[in-house]
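Naming convention: chains lettered A, B, ... in sequence-line order (proteins, then strands); numbering from 1 in each chain. Any value given below was found using the heavy atoms of this structure, including those in side chains, with hydrogens, waters and symmetry copies removed.
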There are 2 protein chains.
Amino acid sequence: MAFEAVRKSTAPEIVVEQILKKLQSGEITTGARLPSQRELALSFGVGRSSMREALNALAVMGYLDVQQGRGTFIAQELPGTSPSISKLQAALKAGSLLDVIELRETLECKAAELAAERAESLHLRRLKQALRDMEDSRENYRRFLQADVEFHTTLAEATTNQIFSEILRFLLEKVVGHHETFKTTLISLEYRSRSIHTLKQVLACVKREDGRGAAEWMREHLNAIRRELKDIL
Amino acid sequence: MAFEAVRKSTAPEIVVEQILKKLQSGEITTGARLPSQRELALSFGVGRSSMREALNALAVMGYLDVQQGRGTFIAQELPGTSPSISKLQAALKAGSLLDVIELRETLECKAAELAAERAESLHLRRLKQALRDMEDSRENYRRFLQADVEFHTTLAEATTNQIFSEILRFLLEKVVGHHETFKTTLISLEYRSRSIHTLKQVLACVKREDGRGAAEWMREHLNAIRRELKDIL
DNA sequence: ACTCATCAGGTGTTCAGACCACTTTGACCA
DNA sequence: TGGTCAAAGTGGTCTGAACACCTGATGAGT
């Protein structure tokens, strides 16, 4: 037998709900100006402070835009009530590391390929530097990981496809999170050396604009990670 | 000569910032109880209403949990302080449609391949149904688009890789958004017919577990979209 | 005619104080 | 032991008064 939590209805909450309803039903146009806080408080039958709390809450949520001396306006862009974002985050939290690897294999191989075709000298320099950092920090796990991520991030940026690079950055962030949660200091020194070697091959391919080669070496790199992961789990 | 927007520092904002800093530096433990609003206001040197505004903002953001009669508590689960999400959204909004297509080609071809290996009968049924819906709504643009999205979404789900499917769902949502923004009713009837044909091939390949074939037909499908897009732009 | 400083009125912002509603606690009593 | 009740502390709400800021009108000066 389950009970529902008692829904307490405080004044600002009620006001927020009412305004939200009008907002979502399209009764108020974006960019429109609301009456002054004093008037609103009067017409809602609440005190100014309660009215202010409601308006502030809506502002924090991104629905309103309050400007001192000018008034309160409906936000130009209503926050896309997109539940997909939270679903994405939930999936990332719940999803298995192997799933992530599968995605990374798909995306990063293509990224390597595109990078080979489009990378500019700036990217090449950063890739080179990241590899040097990895070599210099073989024994320091955190720094190694950081340089590793830098390499992958730069490669993604070199695709000159902003969406591509942001999604990859997003994924990598989660990978790092996983590492930190599980304190995966376990990663073997041998694996690190092999990583550096493989990524050097990737960089070499990118330099000579060999897309297929870059993709293949990247696949090799990710397979190595997958193997390492399986050993640990 | 560019100027930065003036950063107005209102009292509650400053308080929010300070509390946020303490929160993120881990100076306060989750679940801990804060001093009373009156005390806090005193120690921050602001009025109680300003203090309340700050606390409410933090509560809306999910950092705090205020309970009447009991006190204000740090939320048990601090909201993931990931700015990358908003960056991702920004990139999606600003990024070109061609970039999205490039990503889709990468992801959906792989999805088709994986689906061919893993799809269950439930997925096959839904894919079939989606194709039927597309055929039945050749003349109704919105319904056609909806069925189209359903096909791609189902294919993504058939990978049995939750993260994969969520990211694709996320991308597709944006594509639909683009369509609705630009009122792209322009898409030719011929294109629709060709889409249906190509996707039928994809489904056939998935049925006989031909991963390579499914990927190739999907690539064909996306190339058609790319061509259609170029014509429009 | 144009430019600029000034001012009045409206707006959001902040404050202080009072009171209300709720929760916890502990003293009290049957 | 169990219930009742009052007190104290908490957040919730209201009010009136300043304060800070923006806008538009006014009018003096060029």
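- Among residues two or more places apart in sequence or in another chain, the salt bridge (charged side-chain N to carboxylate O under 4.0 Å, His left out) test is passed with A:R138 by none.
- Following rounding to the nearest Å, A:N56 (CG) and C:dT11 (P) show an atom-to-atom distance of 17 Å.
- Put simply, the side chain of B:F164 reaches to within 4.5 Å of the side chain of B:L107, judged on heavy atoms.
- With sequence neighbours excluded, the residues satisfying side-chain contact (heavy atoms from CB on, under 4.5 Å) with B:V175 are B:V100, B:R104, B:H179.
- Side-chain N/O atoms of A:S50 include none lying less than 4.0 angstrom from OP1 or OP2 on D:dG12.
- Taking atom CZ of B:R52 as the reference point, atom C1' of D:dG11 lies 6 Å away to the nearest angstrom.
- With axes fitted over five pairs at each extremity, the angle between the ends of the helix from C:dA1-D:dT30 to C:dA30-D:dT1 is 0° (10° resolution).
- In this structure, A:Q146 has no side-chain contact (heavy atoms from CB on, under 4.5 Å) partners at least two apart in sequence or on a different chain.
- In this structure, the salt bridge (charged side-chain N to carboxylate O under 4.0 Å, His left out) partners of B:R142, at least two apart in sequence or on a different chain, are B:E180.
- As a whole-Å value, the separation of A:L42 CG from C:dG10 C1' is 16 Å.
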So which protein N/O to nucleotides 15-17 of chain D N/O distances come out below 3.5 Å?
| from | atom 1 | to | atom 2 | distance (Å) |
| --- | --- | --- | --- | --- |
| D:dG16 | N7 | A:R48 | NH2 | 2.6 |

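- In this model, the phosphate group of D:dG11 is not approached by any side-chain N or O of A:T10 to a distance below 4.0 Å at OP1 or OP2.
- Between the CG atom of B:L55 and the C1' atom of D:dG11 there is a distance of 10 Å, rounded to whole Å.
- Legend: residues meeting side-chain contact (heavy atoms from CB on, under 4.5 Å) with A:V60, ordered by chain and number and at least two apart, are B:A57, B:V60, B:M61.
- Listed by first and then second residue, the side chain to side chain donor-acceptor pair (under 3.5 Å) pairs that reach into residues 125-134 of chain A are A:R126-A:E150, A:R126-A:T154, A:R126-A:E157, A:Q129-A:R132, A:Q129-A:D133, sequence neighbours excluded.
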Do any side-chain atoms of residues 109-123 of chain A form donor-acceptor pairs under 3.5 angstrom with protein atoms, and if so which ones, sequence neighbours left out?
| from | atom 1 | to | atom 2 | distance (Å) |
| --- | --- | --- | --- | --- |
| A:R118 | NH1 | A:T159 | O | 2.7 |
| A:R118 | NH1 | B:E102 | OE1 | 3.2 |
| A:R118 | NH2 | B:E102 | OE2 | 2.6 |
| A:H123 | ND1 | A:E120 | N | 3.4 |

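- Here salt bridge (charged side-chain N to carboxylate O under 4.0 Å, His left out) pairs that include residues 34-45 of chain A, with residues two or more places apart or in two chains, number zero.
- Looking at the side chain of A:E39, the nearest of the listed nucleotides C:dG12, C:dT11, D:dC14 is C:dT11.
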| request: Apply side-chain contact (heavy atoms from CB on, under 4.5 Å) to A:L172 and A:T153, showing your working. | output: CA-CA 8 Å; A:L172 288 171; A:T153 305; 3.8 Å; yes
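- One can place CD1 of A:I14 at 10 Å from P of D:dC14, the figure rounded to the nearest angstrom.
- With rounding to whole Å, A:L34 atom CG is found 19 Å from C:dG10 atom P.
- Residues satisfying the salt bridge (charged side-chain N to carboxylate O under 4.0 Å, His left out) test with A:R143, not counting sequence neighbours, are none.
- The phosphate of D:dG11 has OP1 or OP2 within less than 4.0 Å of a side-chain N or O from B:T72.
- As judged by a 4.0 angstrom heavy-atom cut-off over every strand, B:Q37 is placed among residues touching the sugar-phosphate backbone only.
- Taking atom CD on A:E53 and atom P on C:dT13, their separation rounds to 13 Å, with Å as the unit.
- Side-chain contact between B:L40 and B:V46 is absent, with no heavy atoms from C-beta onward closer than 4.5 Å.
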Close N or O pairs between protein and nucleotides 23-25 of chain C (under 3.5 Å):
| from | atom 1 | to | atom 2 | distance (Å) |
| --- | --- | --- | --- | --- |
| C:dT24 | OP1 | B:R70 | NE | 3.2 |

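- The distance between atom CG of A:L40 and atom P of D:dC14, rounded to the nearest whole Å, is 14 Å.
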